Amino acid sequence: TDRLAELRALPAADRRDALLDLVRTDAAKVLGHPSVDAVDPERGFLDLGFDSLTAVELRNLLTAATGRELPTTVVFDYPTPAGLAEHLDAELFPDGGDPAGGDPADEETVRRVLAAIPLDRLRQAGLLDPLLRLGHDTAAPAPDVTPDAPAAEIRDLDVAGLVRMALEGSDS
């Protein structure tokens with residue numbers, strides 16, 4: 001989901017804060033509170049007024065936001081907003097999930113990271129044009145990127161390889 005891509009793009013500490021904010025915001029919504037301030041991160045969901053119906057409502061909102069199917073008992077298994085946010089962080093980002101973490105050659109990781117970067121930021125870094133050239137014509141070398149690379153070599157590259165090639169071309 002878009003929310004998951006946004007979370008993945010954040011540093012780990014900011015991501016945990018964002019997950020806690022997500023849990024508190026959705027809990028306030030389910031309980032009909034006008035503000036997230038009514039949901040103390042360390043107070044138990046039962047003490048906040050949750051019952052089985054509102055627990056399922058919260059679970060549904062969090063499932064929609066994260067794209068991860070959560071058990072109906074998740075609010076009772078992790079009985080505070082802070083505990084639930086920590087659980088979500090561990091579930092969604094088991095490897096720590098920092099943008100620099102993981103296997104850089106993993107195509108799905110590269111796609112998620114690229115999708116989370118605003119186009120203006122790619123443009124400012126001088127990467128947007130080389131990436132667009134590679135995307136528009138992967139059958140031939142992109143001008144100014146790798147003029148001597150044979151077309152077959154470019155066709156055989158995965159997304160990570162194309163990004164690496166674009167980055168190397170932007171250094172020259």
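Only this structure's heavy atoms are used, side chains among them; waters, hydrogens and symmetry mates stay out. Counting begins at 1 with the first residue of the sequence. This one's a predicted model, so the numbers in the text were calculated from it and none came from an experiment.
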- Task: For side-chain contact (heavy atoms from CB on, under 4.5 Å), just list the numbers for Asp40 and Asp47, CA-CA rounded to whole Å, side-chain angles, deciding distance to a tenth of an Å, and then say yes or no.
- Result: CA-CA 10 Å; Asp40 180 339; Asp47 293 335; over 6 Å; no
- prompt: Would Leu10 and Asp17 satisfy side-chain contact (heavy atoms from CB on, under 4.5 Å), going step by step from the backbone distance to the final call?
  reply: CA-CA 10 Å; Leu10 294 173; Asp17 290 343; over 6 Å; no
Practice item. Show the numbers, then the answer: is there a side chain to side chain donor-acceptor pair (under 3.5 Å) between Thr54 and Asp51? Key: CA-CA 5 Å; Thr54 51; Asp51 59 23; 3.0 Å; yes
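A perpendicular orientation is assigned to the rings of Phe50 and Phe45, their planes being inclined by more than 60° (bins at 30° and 60°).
Taking a cutoff of 4.0 Å between a charged side-chain nitrogen and a carboxylate oxygen, Asp21 and Arg24 do not qualify as a salt bridge. Taking the charged nitrogens against the carboxylate oxygens, Arg15 and Glu6 have no contact shorter than 4.0 Å, which rules out a salt bridge.
A donor-acceptor distance shorter than 3.5 angstrom exists from the side chain of Thr80 to the backbone of Gly83, with no hydrogens or angles considered. Proximity of a side-chain donor or acceptor of Thr25 to a complementary backbone N or O of Leu22 within less than 3.5 Å is not detected.
Pairing each heavy atom of Ala18 with each of Leu7, the nearest pair is CB-CD2, 3.6 Å. Between Arg3 and Ala65, the shortest heavy-atom contact is CB-O, 3.2 Å. The shortest heavy-atom contact between Ala28 and Ser35 is CB-O, 3.7 Å. The minimum heavy-atom distance linking Leu4 with Thr66 is given by the pair CD2-O, 3.4 Å. Considering every non-hydrogen atom in both Pro71 and Arg59, the closest pair reads O-CG, 3.3 Å. The minimum heavy-atom distance between Leu92 and Leu19, with the atom names listed, is CD1-CD2, 4.2 Å.
Note that CD of Glu86 is 8.0 Å distant from CG of Asp89, once rounded to the nearest 0.5 Å. For the atom pair CG of Leu62 and CZ of Arg68, the computed distance is 13.0 Å after rounding to the nearest 0.5 Å.
Both Leu70 and Tyr78 are part of a single hydrophobic cluster, where members link through side-chain heavy atoms under 4.5 Å apart. Residues Val74 and Leu58 share a single hydrophobic cluster, defined by chaining ILVMFWY side chains whose heavy atoms lie under 4.5 Å apart. A continuous path of Ile, Leu, Val, Met, Phe, Trp and Tyr side chains, each step under 4.5 Å between heavy atoms, connects Leu88 with Leu61, placing both in one hydrophobic cluster.
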